[in-house]
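Worksheet: the structure to be examined is printed underneath.
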Amino acid sequence: MYLLSLLGNLLIVLLIGCDAHLLHTPMYFFLRHLAVADMGFASSTVPITLHNLVSRDKMISYGGCLSQTYFFLVFGSGDSFLLAAMAYDRLMAICHPLHYTALMNAKRCLLLVSGCWLLACLHSLLYTVMLSRLSFCASREIPHFFCDVNPLLALSCSDTTPLRMLVMTEGMFDILGPFLLIVVSYARIFLTVMKTPSSKRKAFSTCGSHLTVVILFYGTLIWVYLLPTSGNKTLASLMYTTVAPMLNPFIYSLRNNEIKGALRRLVGRI
């Protein structure tokens with residue numbers, strides 16, 4: 001699954017980079033960054049998990065644990081923000097088609113992507129710095145297969161109230177903010193499509209892949225963090241960290257004729 005995730009997302013990056021038409025199309029510009037985020041997201045947890053499965057030494061250093069938390073949050077938040085940027089792009093393409101080229105020019109796309117990565121890095125840095133100030137003087141056995149914020153808070157013997165408040169405020173904004181933007185964008189898209197029946201099929205075909213990825217990403221996210229604790233959190237976390245990044249490139253390639261066309265052109269040149 002990890003190899004499929006790496007190869008699938010790397011193929012998306014190469015196809016868009018080698019195809020001049022896709023490279024200068026806003027939708028695929030965002031998709032390329034989403035593929036990079038998916039590769040980083042899977043790589044932040046899966047290699048250490050694979051090592052733990054085959055080794056008796058299941059230890060991770062303190063610095064390694066904080067580093068894993070940082071990169072897990074960077075790429076996870078980057079995924080969330082980029083999905084919201086892609087929803088905004090689809091909103092402009094369908095609701096303002098005559099002004100789409102001007103609204104989503106190269107400069108605006110670059111600003112949106114830069115903002116996504118900057119917010120993700122600042123969000124992760126804030127959590128990592130606050131975690132580094134905690135003391136762990138009791139059990140040091142993490143009840144999880146990677147270093148995440150909640151398992152580390154459960155082990156700390158320091159006052160974790162400020163960080164827990166941060167999780168409930170800024171953390172909810174980090175998740176619900178992009179999600180609400182996606183919901184509002186697709187609500188407007190749906191209303192626009194309903195007013196123009198002739199464009200229904202085309203509009204839904206361009207949005208289908210993105211909606212599938214959004215449902216997969218946020219479905220597993222809600223499963224892990226918002227459903228009752230009686231569920232199997234290990235299995236849920238595997239879905240969120242491993243299965244979702246693996247399926248994303250296949251969803252886009254199987255449901256997108258332009259991606260399949262770029263693949264045929266690349267194979268033809270080779």
Side-chain angles (χ1 to χ4, degrees), residues 9 26-27 29-31 33-38 40-42 44-45 69 71-95 104 108-109 111-124 126-127 148-150 164-193 203-204 206-229 231 233 236-249 251-252 255:
N9 284 291
M27 176 182 175
F29 177 74
F30 293 124
L31 177 58
H33 283 268
L34 182 68
V36 172
D38 281 335
F41 193 40
S44 65
T45 58
T69 303
F71 287 109
F72 171 77
L73 292 174
V74 164
F75 292 114
S77 299
D79 249 328
S80 182
F81 292 133
L82 286 168
L83 287 172
M86 293 174 72
Y88 177 75
D89 171 68
R90 292 297 84 204
L91 174 66
M92 294 296 104
I94 294 171
C95 297
M104 296 302 294
R108 177 166 292 188
C109 291
L111 285 174
L112 282 172
V113 165
S114 301
C116 290
W117 286 117
L118 179 62
L119 286 174
C121 290
L122 292 176
H123 166 80
S124 305
L126 177 62
Y127 277 86
D148 198 2
V149 175
N150 288 331
R164 291 186 185 276
M165 289 295 296
L166 184 67
V167 171
M168 293 300 296
T169 54
E170 193 274 343
M172 293 300 290
F173 170 79
D174 178 61
I175 296 174
L176 292 181
F179 180 69
L180 290 176
L181 178 59
I182 293 170
V183 170
V184 171
S185 297
Y186 275 99
R188 288 193 59 188
I189 289 172
F190 180 77
L191 292 175
T192 301
V193 170
F204 281 117
T206 58
C207 296
S209 299
H210 184 245
L211 276 174
T212 306
V213 172
V214 166
I215 292 170
L216 179 65
F217 181 80
Y218 282 101
T220 53
L221 187 69
I222 292 170
W223 186 9
V224 171
Y225 293 105
L226 300 182
L227 291 183
T229 57
K233 290 299 179 181
S237 297
L238 283 172
M239 288 288 295
Y240 175 59
T241 59
T242 308
V243 177
M246 179 193 70
L247 292 181
N248 284 356
I251 291 171
Y252 277 110
R255 300 191 55 170

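Values in this document were obtained by computation on a predicted structure and should not be read as measured data. All residue numbers refer to positions in the sequence shown, counting from 1.
- Atom NE2 of residue H123 and atom OG of residue S77 lie 3.5 Å apart, to the nearest 0.5 angstrom.
- Note that CG of D148 and CG of L73 are 6.5 Å apart. Values are rounded to the nearest 0.5 Å.
- Under a 3.5 Å cut-off, the side chain of D89 and the backbone N or O of M104 do not form any donor-acceptor pair.
- Residues satisfying the ring-ring contact (aromatic ring centres under 6.0 Å, His included) test with Y88, not counting sequence neighbours, are none.
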Q. What's the verdict on side chain to side chain contact (heavy atoms under 4.5 Å, CB included) for L118 and L122, showing C-alpha distance, side-chain angles and the deciding distance?
A. CA-CA 6 Å; L118 179 62; L122 292 176; 4.1 Å; yes
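- Between the CD1 atom in I94 and the CG atom in L91 there is a gap of 8.0 Å [rounded to 0.5 Å].
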Q: Take F217 and N248 through the side chain to side chain contact (heavy atoms under 4.5 Å, CB included) test and state the conclusion after the steps.
A: CA-CA 9 Å; F217 181 80; N248 284 356; 5.8 Å; no
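- The CG atom of L34 sits 7.5 Å away from the CG atom of N9 when rounded to the nearest 0.5 Å.
- Nearest heavy atoms, G78 versus A120: N-CB, 3.7 Å.
- Residues Y218 and S80 meet the side-chain proximity criterion, which asks for heavy atoms closer than 4.5 Å.
- How far CG of L180 is from OG of S185: 10.5 Å, rounded to the nearest 0.5 Å.
- Shortest non-hydrogen contact noted between M86 and M27 is CE-O, 4.3 Å.
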(Q) Evaluate Y127 against V167 for side chain to side chain contact (heavy atoms under 4.5 Å, CB included), listing each step before the verdict. (A) CA-CA 9 Å; Y127 277 86; V167 171; 3.6 Å; yes
Q: Go through D174 and F81 one step at a time and tell me if the side chain to side chain contact (heavy atoms under 4.5 Å, CB included) criterion holds.
A: CA-CA 8 Å; D174 178 61; F81 292 133; 2.9 Å; yes
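- Inter-residue side-chain proximity for F75 and D38 is flagged as unmet; no heavy-atom pair is nearer than 4.5 Å.
- Atom OG1 of T45 sits about 13.5 Å away from atom CZ of F71, to the nearest 0.5 Å.
- Of all heavy-atom pairs between I182 and A87, the closest is CG1-CB, 3.9 Å.
- Ring geometry, H33 versus F29: the interplanar angle exceeds 60°, so the pair is classed perpendicular (tilted spans 30 to 60°).
- At a threshold of 4.5 Å between non-hydrogen side-chain atoms, the residues T241 and F72 count as touching.
- Relative orientation of the Y240 and F41 rings is perpendicular, given thresholds of 30° and 60° on the angle between their planes.
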